[in-house]
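First up is the structure itself, then whatever we jot down about it.
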Amino acid sequence: MQSSSVGKPVATGQKRVPAGPKGLPLVGNMADFAGDAINFVSRCAREYGDIVPMELAGTTVYLLNNPDYFEQVLVTQNRNFDKGHFIDNVRRLVGNGILTSEGDFWRKQRRLVQPAFHRNRVATYAQVMTDFTQKMLDDWQDGQTRDVHADMMRLTLQIVAKTVFDADVRSQVEDISHSLEVILEENNSERRLVETLLPRWVPTPYRGRYRKALARLDEIVYGLIAERRRDDHDRGDLLSMLLASQDENGQGMDDRQLRDETMTILLAGHETTALALSWTWYLIANNPVVEARLHEELASVLEGRPPTLEDLPRLTYTEMIIKEALRLYPPAWAFVRESIADCEIGGYRLPGGSVFMISPWVIHRDPRFWERPDEFRPERWAEDATAKLPRFAYLPFGGGPRLCIGNSFATMEAALLLGTIAQRYRLSLPPGTTVKTDPTVTLRPKPGVVLKLNAC
């Protein structure tokens, strides 16, 4: 394993960090990670235990595989950890929004943004979600074969644009979607190794496309902010809340911070829900028993009408399906934290600047906590066993103070969209279709989720 000045154990008598996978000169384990990140970290967890040092392009990254260790990083010692430089690519897109900001500034922004995600405010968006879904379904036809992942991406982008900006931007969705695709492509598995090794100032064709795509997104978002500055009445959307929010000194957000926060919501608010639904449809298409039980519940509760917010407490099996899909295919499949000062995790003493990776994908499939962990079994969420899980054995939205602020929005949207679509169509997997995981910043299906539509 290559040596590194960051992340080596402090010789203070505590337990020594166990061995990790051997790496290559210069790049360490980066080739294995870039080639198949999910299988690599899963293998590391199986073979090396609850804390595994990996060498990724000159930095020692400690993979943690114990819910108790997660709690130490995310809760009990959370002020000693930030997101570090590993999310610099995300910062280039969303700036200093609540996803990427740190310390006192993050706490201030969290307080300013929080009212926009209050339960009562989020509840007002339910009708928007089902209305846009019905419009999408009007374009679907019985017997069609479609990339449902692409459809979910377009649909959730339309919904977030309406709920964030009160803007019906269907005419701009392709433009926004293309720009986001170019930007997120920076992190695909084929490019990650090359882009990591090349200095940021070295021009490449992709980096030129990236700058153009980001400029286009900025043009759209700043244009919407300027429009709302001119007409500042409350439209009932998230941007109205952000424009009206003030700190304890009566200071609101400037245009740059509004841009960063809205760009964060625009990205996270459609990408994660679309991925959750895409993987949900893939799992249902492979499990006819689950599909039959879902349709039975929808018929019993809804009696042929679209679901509403008031129906959700009775759509218990629908909720179980979503929870189980998020367990097997968490959109945020891994995330990192970096220690600010020396820390002790699980009895291991490590210096400031140590980088830690937490992988929901790995812990969600750990047989120590999950019976038959690789099986899609929504009914497990009705069992008492899940109530006995360690606190951080299930964390599709992260945990601690930095728990995803939009988790209620996302789970409500996923349930409403799943119920609305499943009432009108059954989706089946054409013979010979294969879907692979593409672990970039998020867990994308590759090449998509192509399914056949069968009208109910």
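Here the structure is a predicted model, which means the values were calculated and not measured.
For Trp381, the ring pair (Phe, Tyr, Trp, His ring centres under 6.0 Å) partners at least two apart in sequence or on another chain are Trp370, Tyr394. Residues that satisfy the ring pair (Phe, Tyr, Trp, His ring centres under 6.0 Å) test with Phe81, not counting sequence neighbours, are Phe356. With sequence neighbours left out, Thr273 forms a side-chain hydrogen bond (donor to acceptor under 3.5 Å, both in side chains) with Glu413. For the side-chain contact (heavy atoms from CB on, under 4.5 Å) test, residues two or more places apart in sequence or in another chain that qualify with Asp254 are Arg256, Gln257. Every residue two or more places apart in sequence or in another chain was checked for a side-chain hydrogen bond (donor to acceptor under 3.5 Å, both in side chains) with Asn286, and none qualifies. Arg391 is linked by a side-chain hydrogen bond (donor to acceptor under 3.5 Å, both in side chains) to Glu71, counting only residues two or more places apart in sequence or in another chain. Legend: residues meeting side-chain contact (heavy atoms from CB on, under 4.5 Å) with Lys108, ordered by chain and number and at least two apart, are Arg111, Leu112, Asp247. Applying the side-chain contact (heavy atoms from CB on, under 4.5 Å) rule to Ala123 yields the partners Leu309; only residues at least two apart in sequence or on another chain are considered. Residues that satisfy the side-chain hydrogen bond (donor to acceptor under 3.5 Å, both in side chains) test with Ser245, not counting sequence neighbours, are absent from this structure. Residues that satisfy the salt bridge (charged side-chain N to carboxylate O under 4.0 Å, His left out) test with Glu291, not counting sequence neighbours, are Arg426. Every residue two or more places apart in sequence or in another chain that forms a side-chain contact (heavy atoms from CB on, under 4.5 Å) with Arg229 is listed here: Ile225, Leu243, Asp255, Leu258.
Listed by first then second residue, pairs satisfying side-chain hydrogen bond (donor to acceptor under 3.5 Å, both in side chains) with a partner in residues 143-152 read Trp140-Asp151, Gln144-Arg146, Arg146-Asp151, His149-Ser278, Asp151-Arg154, not counting sequence neighbours.
Side chain of His270 to backbone of Gln158: no donor-acceptor contact under 3.5 angstrom is found.
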